[in-house]
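Okay, so here's the structure we're looking at.
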Amino acid sequence: MRTFRILSLALITSLAASPAFAQDTSTDTGKRFAVVGGYTHLDPKTDAAPGLKVDGDGAPTLSASWYATDNFAVELWGAADKFNHRVRGDGVGKIGTVEQQPIALSGQWHFGQADNVFRPFVGLGYYESNFSNEDIAGGGPHVGLETAKGAIGTVGLDMNINETWFARTDVRYMHSRPELRVAGEGTGQELKLDPWTVGVGLGARF
């Protein structure tokens with residue numbers, strides 16, 4: 001997480017110092033912050049490894065955004081609780097469970113004017129997702145996953161209810177290839193999780 005904190009500080013500092021972002025647009029609302037609470041379903045790739053499947057799960061999520069202009073924002077997004085995934089093997093059904101809790105920092109571009117009823121947006125950033133409570137049947141050494149990290153892409157749509165409140169729906173993709181660990185040691189084998197998320201939420205600007 002130290003890498004994530006350093007990246008967050010560097011990105012926010014550089015944006016705040018940029019002359020381009022210091023100028024307001026002609027439609028500037030004066031609202032620079034937004035928070036969104038919602039619910040997200042995270043669905044990993046169908047086949048994480050040969051003969052191994054990881055089911056999707058839902059969890060509450062939160063995000064906080066700082067708007068440098070009415071169109072450009074920096075968003076910190078993450079799961080408020082853990083996604084609990086069932087792990088299945090071909091022909092044997094459930095063999096265990098694993099939990100994960102992602103957090104991401106992204107730059108976003110919001111199209112159109114601030115007072116448009118519908119405002120689509122796109123984003124690109126960096127995320128980390130910690131895996132925990134790995135419980136894989138077998139009775140042998142503990143099987144775990146290293147922290148996943150990499151690029152995250154976002155496509156979403158805001159629907160303005162009034163000057164303060166808005167509804168949001170978004171889709172996110174995370175490039176996720178955590179290494180499989182046995183008894184705390186790396187195995188060199190990666191799980192191709194690469195999950196998509198679909199979320200809905202309610203937000204407020206201030």
Side-chain angles (χ1 to χ4, degrees), residues 1-43 57-83 99-130 149-174 195-206:
M1 296 303 290
R2 181 173 179 271
T3 303
F4 182 81
R5 290 195 295 269
I6 293 173
L7 180 64
S8 301
L9 181 60
L11 180 57
I12 292 173
T13 301
S14 64
L15 290 173
S18 173
F21 294 135
Q23 299 175 358
D24 291 337
T25 65
S26 59
T27 59
D28 200 326
T29 63
K31 296 181 183 293
R32 284 287 171 260
F33 297 94
V35 293
V36 177
Y39 183 83
T40 297
H41 184 83
L42 186 150
D43 198 13
D57 188 40
T61 51
L62 294 171
S63 73
S65 299
W66 170 67
Y67 284 76
T69 72
D70 278 349
N71 296 101
F72 185 81
V74 177
E75 179 200 55
L76 181 65
W77 170 89
D81 198 0
K82 295 178 181 180
F83 295 96
E99 297 178 343
Q100 70 165 311
Q101 191 167 20
I103 185 171
L105 183 72
S106 299
Q108 293 180 343
W109 184 262
H110 295 252
F111 297 93
Q113 306 299 322
D115 57 357
N116 288 358
V117 175
F118 294 101
R119 297 195 72 201
F121 64 90
V122 295
L124 183 64
Y126 173 84
Y127 86 96
E128 291 188 3
S129 190
N130 180 58
K149 57 187 71 175
I152 179 171
T154 306
V155 176
L157 178 68
D158 289 342
M159 184 186 75
N160 287 323
I161 300 170
N162 54 39
E163 290 185 356
T164 300
W165 296 96
F166 62 97
R168 170 171 291 184
T169 182
D170 58 46
V171 176
R172 301 172 192 265
Y173 170 78
M174 288 175 273
W196 287 88
T197 73
V198 178
V200 293
L202 182 66
R205 298 186 184 90
F206 54 94

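Predicted model only: the values in this text are computed from it and were never measured.
- Summarising the geometry of Leu124 relative to Gly153, their closest heavy-atom pair is CD1-CA, 4.5 Å, with the distance given to 0.1 Å.
- Under the side chain to side chain contact (heavy atoms under 4.5 Å, CB included) criterion, Leu202 pairs with Ile161, Trp165, sequence neighbours left out.
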Determine, step by step, whether Val35 and Phe206 satisfy the side-chain contact (heavy atoms from CB on, under 4.5 Å) criterion, reporting the C-alpha distance in whole Å, the side-chain angles of both residues, the deciding distance to 0.1 Å, and the verdict.
CA-CA 9 Å; Val35 293; Phe206 54 94; 4.2 Å; yes
Would you check, one step at a time, whether the test side-chain contact (heavy atoms from CB on, under 4.5 Å) holds for Ile103 with Leu76?
CA-CA 7 Å; Ile103 185 171; Leu76 181 65; 4.1 Å; yes
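- In this structure, the side chain of Asp170 does not engage the main chain of Thr40 through any donor-acceptor pair within 3.5 Å.
- In terms of the side chain to side chain donor-acceptor pair (under 3.5 Å) criterion, Asp57 has no residue partners (sequence neighbours excluded).
- Within the 4.5 Å cutoff, side-chain heavy atoms of Pro102 are placed close to those of Met174.
- Between Ala114 and Asp70, the shortest heavy-atom contact is CB-OD2, 3.6 Å.
- The salt bridge (charged side-chain N to carboxylate O under 4.0 Å, His left out) search around Arg168 returns Glu75, Asp158, not counting sequence neighbours.
- Proximity of a side-chain donor or acceptor of Gln100 to a complementary backbone N or O of Phe83 within less than 3.5 Å is not detected.
- Under the rule for a side chain to side chain donor-acceptor pair (under 3.5 Å), Thr197 has no partner lying at least two apart in sequence or in another chain.
- Thr154 meets the side chain to side chain donor-acceptor pair (under 3.5 Å) test with Arg172; sequence neighbours excluded.
- The minimum heavy-atom distance between Ala79 and Gln101, with the atom names listed, is O-NE2, 3.0 Å.
- Checked against side chain to side chain donor-acceptor pair (under 3.5 Å), Ser65 has no partners two or more places apart in sequence or in another chain.
- Under the 30°/60° scheme for interplanar angles, the aromatic rings of Trp109 and Phe72 are found to be tilted.
- Expressed to the nearest 0.5 Å, how far NZ of Lys82 lies from OG of Ser129 amounts to 10.5 Å.
- By the side chain to side chain contact (heavy atoms under 4.5 Å, CB included) test, Asp43 is found to be paired with His41, residues two or more places apart in sequence or in another chain being considered.
- Side-chain contact between Val122 and Phe111 is present, with heavy atoms from C-beta onward closer than 4.5 Å.
- Residues passing the side chain to side chain contact (heavy atoms under 4.5 Å, CB included) test with Tyr39, sequence neighbours excluded: none.
- Under the ring-ring contact (aromatic ring centres under 6.0 Å, His included) criterion, Phe166 pairs with no residue at all, not counting sequence neighbours.
- Contacts of Leu62 classified as side chain to side chain contact (heavy atoms under 4.5 Å, CB included), with partners at least two apart in sequence or in another chain: Ala80.
- For the pair Asn71 and Gln108, the minimum side-chain heavy-atom distance is 4.5 Å or more.
- Of the residues His110, Gln113, Met159, the one that meets the side-chain contact (heavy atoms from CB on, under 4.5 Å) test with Arg119 is His110.
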